Chemist: 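Take a look at this one; I'll ask things after.
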Amino acid sequence: MLQLYYASESLCSQKVKLVLAEKQLDWKGHLLNLLTFENLNPSYLALNPKGVVPTLVHDERVITDSIRIIQYLDETFPHPPLTPTAPELQELMQRWMTLQNQFPMREVMYGNYQGLEGWILRRSVQIKQKLLPQLMQAHPEFLASYKAKLKDVKQWSSTIQDRQVIASINRKIEPMLTQLETQLIQTEWLCGTAYSLADVVWTAVLNRLEELKFGDLWAEGNCPALAAYFQRLKARPNFKAAIQSDEMPLPMLLAGLCRTFLGV
Ligand SMILES: N[C@@H](CCC(=O)N[C@@H](CS)C(=O)NCC(=O)O)C(=O)O
């Protein structure tokens with residue numbers, strides 16, 4: 001039995017949902033509301049001490065971190081395979097996944113969303129900063145997790161409020177996409193002729209960058225191979241279910257909005 005703890009519109013959750021769909025696996029979902037901080041509940045921290053989604057539970061085994069989860073799924077359920085067999089292509093796949101994983105997408109998202117959405121996201125980080133000391137007092141058995149989270153949230157909050165830092169992170173997006181373009185001029189998928197975990201990861205990221213209005217970086221002839229690649233990714237049968245139609249259910253959104261407006 002596969003169980004996935006995930007959140008709506010979470011980039012890391014989308015990668016896992018796409019792999020589950022590609023492999024046509026049945027799974028039971030536990031949808032967490034990040035806007036009401038369900039990810040910081042002690043019951044969830046017991047599974048995922050960092051208090052982030054996603055978490056996969058397979059029978060008794062708990063796996064955290066989206067990259068580890070998708071690799072685990074591919075090893076455990078090898079059909080269809082999403083890892084190339086040639087060692088040099090496996091290495092290439094790791095490189096594409098590391099490039100993505102090391103890029104501060106969280107800061108890109110929280111720093112660039114505009115309007116109400118941006119306000120909600122940035123305010124949720126401020127509320128988290130106020131909430132964590134209270135949680136430390138209420139649940140001292142999770143003190144280490146909450147302390148680490150608070151340290152991370154303080155850094156996160158100061159980064160997304162600093163327009164210059166966000167602008168300098170944004171400037172790194174184009175060179176990263178140029179690396180993809182160089183590869184995709186030569187091959188259909190990032191690791192050659194077969195769709196792989198690297199393509200899964202970049203499906204979620206390119207989609208998010210487009211949502212954040214960075215799509216011009218590859219459109220209008222700027223990166224034609226990347227633009228064509230993104231069209232191929234979006235045309236795949238599982239894109240819609242795993243990524244495009246990923247929206248927070250209305251009751252969850254309303255609960256999140258209340259919490260955000262009240263600021264507690
Ligand atoms: N490296 C982790 C990052 C997980 C992560 O940051 N998840 C986000 C959603 S995409 C989250 O849970 N954010 C809530 C928080 O940090 O409080 C992974 O790939 O799974």
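What you see below is based on every heavy atom in this structure, not just the backbone, and it leaves out hydrogens, waters and symmetry mates. As the structure lists them, so they are numbered: ligands from 1, and atoms in each ligand from 1. Computed from a prediction, not measured in an experiment: that's the story for all the values here.
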Chemist: Do we see a donor-acceptor contact under 3.5 Å between the side chains of His58 and Tyr72?
Modeler: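 Yes - a donor-acceptor pair under 3.5 Å links their side chains.
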Chemist: Between Lys17 and Asp246, does at least one N-O distance fall below 4.0 Å, as a salt bridge requires?
Modeler: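 Looking at Asp246 together with Lys17, the answer is yes, because their closest N to O distance falls below 4.0 Å.
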Chemist: With no hydrogens and no angle check, just 3.5 Å: does a side-chain donor-acceptor pair link Glu211 and Tyr113?
Modeler: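 A donor-acceptor contact under 3.5 Å links the two side chains.
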Chemist: Among residues at least two apart in sequence or on other chains, which ones pass side-chain contact (heavy atoms from CB on, under 4.5 Å) with Ala198?
Modeler: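 Only Met93, Trp96, Met97, Leu190, Cys191, Ser196 meet the side-chain contact (heavy atoms from CB on, under 4.5 Å) criterion with Ala198.
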Chemist: By side-chain contact (heavy atoms from CB on, under 4.5 Å), which residues pair with Gln244, not counting sequence neighbours?
Modeler: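 If we apply the side-chain contact (heavy atoms from CB on, under 4.5 Å) test to Gln244, skipping adjacent residues, the hits are Phe239, Lys240.
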Chemist: Under the side-chain hydrogen bond (donor to acceptor under 3.5 Å, both in side chains) test, which residues partner Asn170, sequence neighbours left out?
Modeler: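 In terms of side-chain hydrogen bond (donor to acceptor under 3.5 Å, both in side chains), with neighbours along the sequence ignored, Asn170 is linked to Asn112.
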Chemist: Using a 3.5 Å cut-off on N/O to N/O, what pairs does ligand 1 make with the protein? A line per pair would be great.
Modeler:
from     : atom 1 : to     : atom 2 : distance (Å)
ligand 1 : 1 (N)  : Asp65  : OD2    : 2.9
ligand 1 : 7 (N)  : Val53  : O      : 2.8
ligand 1 : 12 (O) : Val53  : N      : 2.8
ligand 1 : 16 (O) : Lys149 : NZ     : 2.9
ligand 1 : 17 (O) : Asn39  : ND2    : 3.0
ligand 1 : 17 (O) : Lys128 : NZ     : 2.7
ligand 1 : 17 (O) : Lys149 : NZ     : 3.0
ligand 1 : 19 (O) : Ser66  : N      : 3.2
ligand 1 : 19 (O) : Ser66  : OG     : 2.5
ligand 1 : 20 (O) : Ser66  : N      : 2.8

